[in-house]
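A short write-up of the structure that comes next.
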Amino acid sequence: FSLAECSPLPSSAACSSSLLQPTRSYSTAFSPSEFASSSSCSPDEGSTLIASGRRNDPRGIFAFRELQLKKIKHFGFDYDYTLASYTRETEFMIYNLAIDNLIRNQGYPEFLLLDPSFPIRGLHYDLKKGHIMKLDQMNSIQPDAIFFGRRPLTQREVLDHYDSFQLKKSYVRTECRQMLDIFCLPETSMLADVIQEFVDRDIVFDPQNVFSDVSMAVDQVHRTEALHATIQQDVKRYLRRQSGMTSFLTKLREHGKTTFLLTNSRLPFVDAGMRYLTEDYLPDGVSDWKELFDVIVVGCQKPSFFVHSRPFRKVDLPTGRLNWQRVTELKPGHVYSQGSLEKLTQMLGWKGDEVLYFGDHVIADLKESSGMGAWKTAVIIRELENEIEQQNTSRFRKDLCELLALEEKLAAHDPVNLLMDPQTRTNLYHRRNRLRVALKTRFNPYFGSVFRTHKEPTMFANLMHQFAYMYTSRLENLATLPLDYWLHAKRTYLPHEAKMSVIDESQCAGDEDEHGGPI
C-alpha cells in the first residue's frame with residue numbers, strides 16, 4: 001500500500017531514457033504552498049536518521065495504479081459525500097434520530113453519550129462478542145484498538161476471547177460487520193454507547209440483537225426520509241458549499257467529456273442539495289444544475305444496479321413520480337430512476353475503460369462498478385486531509401523517524417543485533433511501543449489512523465487499494481488538474497527488495513556487472 005504522485009505525460013525524450021526520472025507530485029505542481037521541509041532525529045548515539053522530503057498536500061490527488069485522464073471520456077459521480085460534502089452536524093443528527101427510534105420503538109433506556117472523536121471509518125463489529133475493533137489487511141486486530149462498549153480490552157482479554165490477534169478470514173466474513181462509510185460513524189458510536197449503557201446497568205444482552213436493533217434504527221432514519229427531510233429544511237447547516245465542484249464539472253463539459261450522476265438518493269433530496277451547492281457558481285448560460293450532466297440517475301439502488309438487469313424509469317420533474325412508459329434512451333435534461341449497468345451500457349455504448357466513477361463507499365460505489373463494468377474508479381475520503389495534516393507536523397515526523405530507526409535496529413540480522421543483551425532489547429521494545437501510541441493518538445485517541453495500524457495498512461485501506469484507481473479528500477481538488485494528466489503509482493516493495501531513492505542518473509553509474517560492463 002503506497003501513496004502515489006501525479007505527473008504530466010512524459011515527453012519522448014524522457015521516455016527514451018533508460019532511467020525514469022522521479023515524478024512530480026500533484027501537490028508540487030498545483031498547490032499554492034510548498035510542503036517541503038526536513039527534520040532529523042537520533043534514536044541513539046550510534047545511528048542518525050534524517051526525515052526529509054516533501055510533505056504531502058492535504059488536498060492532493062493520489063493514485064494506486066496508473067491512470068491516463070486523457071483516455072477517460074465519461075466522468076460519473078455519486079451524490080452523498082462525493083458531490084455533496086456534509087458537516088459534522090449531520091452525524092449528530094443521524095445519531096439523535098436513530099437513538100429516538102431505539103427508545104420509542106424498541107424500549108431502550110434513555111441515554112446520550114455520543115463522543116464524536118470515538119469512531120473512525122472501516123471498523124469491525126463482532127456480532128458474537130460485541131467488540132468494536134480495527135483490523136489490518138491480514139485480519140489482525142490492532143492490540144490497542146479493540147473496545148467493548150467504551151472500555152478498551154487488554155491484550156490478555158483479546159487472547160482469552162480469540163486465542164490470537166490474527167482472526168480467521170471465515171470468522172471475519174461470517175461473524176463481523178465492517179462500517180465502511182461516513183454514515184456508519186454515528187452507528188458505530190451508538191453500538192458502543194448502547195453496550196456501555198447495558199454493562200453499566202447490568203442488563204443482559206445479545207450483541208447480535210443490539211446490532212440488529214441499532215442498524216434498524218439507523219436504516220429507519222433513511223427509509224422514512226427523516227434524514228433527507230431534516231437536511232432539506234436547513235441545507236446551509238448540513239452541507240458544505242465549495243465552488244471547485246461546479247468548476248470541475250464545468251471544465252469537463254467544456255472539454256467535451258460526458259458527465260453523469262448515479263446516486264441512490266431520490267430526486268427531491270438531490271435537487272435541494274445541488275441547487276444550494278451550485279446556485280452561486282453556475283457558469284454563464286447555465287441556469288440549472290441538471291445542465292451540468294448528460295445523464296442523471298437517482299434511486300439506482302447500488303450496488304444492485306451493477307449486478308442485476310433492471311429497466312430505467314423516467315422521473316416526472318414537476319411531481320417526482322415515476323413515468324410508466326418504457327425508457328429506450330437516456331437523454332440530457334431528463335432524470336431517470338432505478339435501471340442497471342447492463343441497460344445503461346446497451347443504451348449509451350460506453351466502454352468500461354473509458355469511464356471514471358467517483359464515490360465514497362468502497363463496496364457500493366467501487367467494487368461492483370470496477371468488477372462488473374470494468375469502470376475505473378476514484379474514492380473520495382474526507383478523513384484524508386486531517387491525516388496528512390497530522391503527518392506533516394514536525395512532531396509526528398520526528399516520532400516516526402525515531403520509530404523507523406528502532407524497527408530497523410530490531411529487525412537487523414547482524415552480529416551486533418544478535419548479541420544485544422536482553423535488557424537493551426526490552427528497552428527498545430518499550431520505546432517502540434510508546435512511539436506507536438504517540439503516533440496513533442495524533443489521528444484518533446481510540447483507534448488511530450483510518451489507513452494504517454502500527455505496521456500494516458488497515459483492511460479499509462486494502463479495500464481502497466483493490467477497487468480504486470485514485471483517491472483524494474474532496475472532488476474540488478480536481479478543479480485545477482489538467483485533463484491530459486497521467487497519474488502514476490509509486491513502486492511497492494517486497495521485504496527482500498532494495499529500496500532506492502534516485503536523485504540523478506550519475507548515482508547509478510560506477511557499478512559493473514559480472515562481465516565488466518556498467519550495470
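Numbering of residues begins at 1 and proceeds along the displayed sequence.
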Problem - Heavy-atom side-chain proximity of Phe64 to Gln466 below 4.5 angstrom - result: no

Handout entry: side-chain contact (heavy atoms from CB on, under 4.5 Å) partners for Arg313, two or more places apart
Key = Leu322, Gln338

Handout entry: Contact check, side chains of Ile195 and Ile132, non-hydrogen atoms, under 4.5 Å
Key = no

Handout entry: Lys/Arg N to Asp/Glu carboxylate O, Arg88 vs Glu91, below 4.0 Å
Key = yes

Handout entry: Aromatic ring pairing Phe211/Tyr125, orientation class (parallel under 30°, perpendicular over 60°, tilted between)
Key = parallel

Practice task
Verify whether the ring centers belonging to Phe198 and Tyr108 lie closer than 6.0 Å.
Solution key: yes

Handout entry: Between His74 and Asp294: side-chain donor-acceptor atoms closer than 3.5 Å
Key = no

Handout entry: Side-chain H-bond candidate by donor/acceptor type, Ser265 with Asp80, under 3.5 Å
Key = yes

Problem - Parallel, tilted or perpendicular: rings of Phe460 and Phe451 (30°, 60°) - result: tilted

Handout entry: Gap between atom CG of Leu180 and atom NZ of Lys367 - 0.5 Å precision
Key = 10.5 Å

Problem - salt_bridge(Asp193, Arg150) N-O dist < 4.0 Å - result: yes

Problem - Donor-acceptor under 3.5 Å (Thr472 side chain, Gly60 main chain) - result: yes

Exercise for the section: Check whether any side-chain heavy atom of Leu292 lies under 4.5 Å from a side-chain heavy atom of Phe77, and answer yes or no. Expected result: no

Below 3.5 Å, can you tabulate the donor-acceptor pairs from side chains in residues 221-232 to any protein atom, sequence neighbours excluded?
unit_1	atom_1	unit_2	atom_2	d
Thr224	OG1	Gln220	O	2.6
Glu225	OE2	Arg266	NH1	2.7
Thr230	OG1	Ala226	O	2.7

